Amino acid sequence: MTQSAPQIVASSATVSDKIRALNEAGYSRAEIAKLLGKRYQHVRNVLEADKIRAPAMRFAVPSNEPVGMEEPNAATAASFCRLKSARR
């Protein structure tokens, strides 16, 4: 364990971050709930949500550009016109 439970609990991290840190330190869900004064279900929800998000995050491509906010150019304008005329 890199940090003890009192150090993790006293940190200024969010409750979810504390739950993750205590879990990584080897504490059970019941122990984490008791240490933080939270319900077991809250602890479980945080840890289960991380399991669901982890596989999805492997496929995420970080980008500095907002999605779908590209500058229009002649090619995209032509594509839009073809799409619009196909719907008629």
Side-chain angles (χ1 to χ4, degrees):
M1 289 184 216
T2 57
Q3 286 184 309
S4 67
Q7 288 174 321
I8 294 169
V9 172
S11 71
S12 61
T14 65
V15 172
S16 294
D17 289 339
K18 291 177 187 180
I19 291 170
R20 291 181 192 102
L22 289 166
N23 183 60
E24 287 293 319
Y27 291 91
S28 71
R29 291 176 179 179
E31 291 171 321
I32 294 169
K34 188 176 281 189
L35 284 167
L36 297 177
K38 297 294 179 184
R39 292 176 300 149
Y40 175 91
Q41 190 64 42
H42 181 141
V43 174
R44 182 188 177 281
N45 288 347
V46 170
L47 297 176
E48 289 298 315
D50 286 350
K51 286 182 188 177
I52 293 168
R53 284 190 198 110
M57 293 304 288
R58 283 186 286 159
F59 300 109
V61 179
S63 172
N64 293 336
E65 298 290 323
V67 176
M69 299 298 290
E70 59 191 48
E71 290 291 322
N73 58 33
T76 56
S79 296
F80 177 74
C81 291
R82 281 193 300 272
L83 178 64
K84 191 172 179 181
S85 64
R87 290 184 178 178
R88 292 183 188 168

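Please read all numbers here as calculations on a predicted model, not as lab measurements.
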Inset, instruction - Check whether any side-chain heavy atom of H42 lies under 4.5 Å from a side-chain heavy atom of V15, and answer yes or no. - result: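 Yes. Closest side-chain heavy atoms under 4.5 Å.
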So which atom in [X] and which in [Y] form the shortest heavy-atom distance, rounded to 0.1 Å?
X	Y	value
A13	K18	O-CE, 3.2 Å
I32	I19	CD1-O, 3.9 Å
L35	A5	CD1-CB, 3.9 Å
S16	V46	OG-CG2, 3.7 Å

Inter-residue atom distance [X].[atom1] - [Y].[atom2], 0.5 Å rounding:
X	Y	atom1	atom2	answer
K38	N45	NZ	CG	12.5 Å
L22	D17	CG	CG	11.0 Å
R39	R29	CZ	CZ	14.5 Å
D50	N23	CG	CG	8.5 Å

Inset, instruction - Please determine if K34 and E31 form a salt bridge, counting it only when a charged side-chain N lies under 4.0 Å from a carboxylate O. - result: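 No, K34 and E31 are not salt-bridged.
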